[in-house]
Every structure is written in structure tokens, then in C-alpha cells.
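Shown next, in C-alpha cells, is the structure this report addresses.
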Number of protein chains: 2
Amino acid sequence: MTTSDWGALARRALVGSGHRLGGAREAVVRLLSRQHCCLSAQEISDRLRSEGSSVGIASVYRTLDLLHGMGLVQRVDVGEGGHRYEPVVPGGEHHHHAVCQSCGKVTAFEDRRLEDAIDRLSKRLGHGVVGHDVLLRGTCTRCEGRSRAA
Amino acid sequence: MTTSDWGALARRALVGSGHRLGGAREAVVRLLSRQHCCLSAQEISDRLRSEGSSVGIASVYRTLDLLHGMGLVQRVDVGEGGHRYEPVVPGGEHHHHAVCQSCGKVTAFEDRRLEDAIDRLSKRLGHGVVGHDVLLRGTCTRCEGRSRAA
DNA sequence: TTGTTTGCAAACCTTTTGCACGTTA
DNA sequence: TAACGTGCAAAAGGTTTGCAAACAA
């Protein structure tokens, strides 16, 4: 699954559900499809502006909200005030995040065993579980090395 | 481990780290020690006010922040704007949360297999992992029954 | 007494909403 | 053309900060 597929998927989902593909939506989809890991709404807006597309922050939020409702965008909270957003393929593979408490760097990872544990857990609980988020907090290799040196 | 132990732990940690135990901190600690699952800062403030202690919301946040820094309070994001906070015993048993997308109800659960998977994963990753959060999203039994009936 | 804590109000930051204008199908 | 999408500015909601008065040790 390449990221460019996500763009096609998103455009199809938008149009297929009766939405129009205006400048703002197109720009946000194009940017996200080039992006593997999570960005804040402000970062998305800033990048688009620096590329010349002047997309209002409100439209960024509106587009993210729309895509989120279709399961094409995932909201990630790394606990620093504000959320981050990233493209996801519904039913496809997905990853989780580890955030460095020292520098704030976010790293994505996948883990089969973790997914299995959550699947079993979901069955055990009465709840019908449709999704899950996992966040690891710690120190990234770079910061760990730096603090050891100091 | 009973919850009243948490209160003692928190008070000791505050005083032991050179902080004073004023009215606001005492009130927040007392309320949290009676609480198993997560509350929002606003809920904490409201409950304290309805009990007669008029603690400013700023002091609630300041106390939560202090306790969070000591690992005695955990911040939980159930994705509805705003965080929730709950007491935790450092190194003690902990739980995670399942949130109902229909009614917003938050349920706590524990799962040994999940913890094991995260432990192994932590070792596999370069990161020094010091904590983790898991959130399940789905429909609680009550809402599931209701939608089936409709 | 002396530095710390507190409540209030104002500031801040992220996200949402109202609205007039521009655009899409 | 008629409905929808967009940018801007204002509003809203949660959290933080400045400050003078109250308080703990």
C-alpha cells in the first residue's frame, strides 16, 4: 500500500459521498497523501501556505473532520495540547506512536503481537470495539544518548 | 491497593518534595482519592464547589499538573475535547479505557496479555519506554442493545 | 516572618461557527 | 444556476499565566 493510493482513495470517498473537490480539500488531500506520519492542523496550514496554496485553517479543520468521519484520517493525541492528524486506510495496516518526552519527536511503529492482544481483548469485553489507539511515552535513542553523555 | 492509600501517597509526595499542603491541593487530593476513574478538571472543580470548597479551576489544573509530574495522576484523552485525569500508583497496577462513541461513557479495564505485549514491544524498540496509554473505541453494551432494538 | 499557594480575571491556543463571496457540477 | 465550498474574522472551549491577597510552615 503506497501513500499515493490514499490520495486516490480519499478523493473517491469524497466525491462518492456527494462532496465536491474544491481547492482546499484537494490541497489537504494532496499534502496528506505525501505524508506518512502525523501533522498538526497548524503544520498542514503552514506547509500549504509556504507552497503557495492559501488554505484557511478553518478549511483544514473542516477537511480533516470530513475525512476523519470517513475513517480516512486518524486523530492522534501525543499529549502536548492539540491533536495531530494522519492518513489511514480503513481496514488496512495501521501503526501506533511513541513520543519522546524530552524532544517531542514522534515515531511510528507496528507490532503484530500488540494487535493480537487487542483483538483478543476486544472479544473478551462486552463492548463492540471498532478501533484503538496506543501511545508509548519514553525517551528516543537520540535523547537517551545525549542525557547519558551529560 | 485501596484508593485511600493513594491519598496518603500523594500527600507524602507533595510534602516530601518541598510543597505545602494548602486548601486547594488538599481538596483535590481528597476528591481524587475517592475516585477510581477519570474526571475532567471542570468536573473536579464543580464537585468541590458543590461540597463547599471553593477551589479555583486554576488551582485544580496546577495541582493536577504537579501530581502528573510526579506520576501520581494520569491524563486520559477520550477524544471529546479536553482531557480527563485520574489517580495512579506509580509502578502499581493500572488500567486502560474503552469509550463508547455513542454515549461517551468511559469504562476501565485491565488486561495482562496487553501489558505483556507492550512490555515485549518496549524492549524491541530502541526507545526507553516509561509509560503507555491504550484507548479502545466502540459501542458499550447498553448502546449496542439500544441500536439493535431500534 | 517569609516564601508559597490561591482565586480571580485576563491571556492563550486550538478548534468551531457565522457569513459573504467564490466555485463546482 | 443553485447548491456547495472557502477564507476571514469572531466565538467558543479548555488550559495557562499574572498578580495581589491569604496562608502554611
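Convention: sequence-line order gives letters A, B, ...; per-chain numbering from 1. These values consider heavy atoms only, across backbone and side chains, with no hydrogens, waters or symmetry-generated copies.
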Mind running side chain to side chain contact (heavy atoms under 4.5 Å, CB included) on B:Asp133 and B:Val76 for me, showing each step along the way?
CA-CA 8 Å; B:Asp133 303 314; B:Val76 179; over 6 Å; no
Within this structure, what is the [atom1]-to-[atom2] distance between [X] and [N], rounded to whole angstrom?
X       : N      : atom1 : atom2 : answer
A:Leu48 : D:dG7  : CG    : C1'   : 14 Å
A:Leu66 : C:dT17 : CG    : P     : 14 Å
A:Arg20 : D:dT1  : CZ    : C1'   : 10 Å
B:Leu14 : C:dT5  : CG    : P     : 9 Å
A:His19 : D:dA3  : NE2   : P     : 16 Å
B:Leu39 : D:dG14 : CG    : C1'   : 16 Å
B:Asp65 : D:dG14 : CG    : P     : 18 Å
B:Glu26 : D:dA25 : CD    : P     : 10 Å

Toward the 5' end of DNA chain D, which comes first, B:Gly22 or A:Ser54, by nearest nucleotide?
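Mapping each residue to its closest nucleotide by heavy atoms, the 5'-most match is A:Ser54.
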Let's see if you can work this out: which of D:dA25, C:dG7, C:dC8 has an atom nearest to the side-chain heavy atoms of B:Ala24?
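From the listed options, C:dG7 comes nearest.
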Going by an N to O cut-off under 4.0 Å, is there a salt bridge joining A:Asp116 and A:Arg112?
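Salt bridge present between A:Asp116 and A:Arg112.
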Counting N and O atoms only, with roles assigned by atom type, does the side chain of B:Ser45 sit under 3.5 Å from a partner on the main chain of B:Ala41, one being a donor and the other an acceptor?
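No.
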Hey, is the side chain of A:Arg25 poking within less than 4.0 Å of OP1 or OP2 on D:dG5, counting only N and O atoms?
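Answer yes for this pair, as a side-chain N or O of A:Arg25 is under 4.0 Å from OP1 or OP2.
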Pairs under 3.5 angstrom, nitrogen or oxygen only, protein versus nucleotides 10-15 of chain C, please.
from, atom 1, to, atom 2, distance (Å)
C:dT15, OP1, A:His83, N, 3.0
C:dT15, OP1, A:His83, ND1, 3.2
C:dT15, OP2, A:Tyr61, OH, 2.0
C:dT15, O5', A:Tyr61, OH, 3.0

If Ile, Leu, Val, Met, Phe, Trp and Tyr residues are connected whenever their side-chain heavy atoms lie under 4.5 Å apart, and connections chain through other members, are B:Val55 and B:Leu21 in the same group?
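They do share one cluster, since a chain of ILVMFWY contacts under 4.5 Å joins B:Val55 to B:Leu21.
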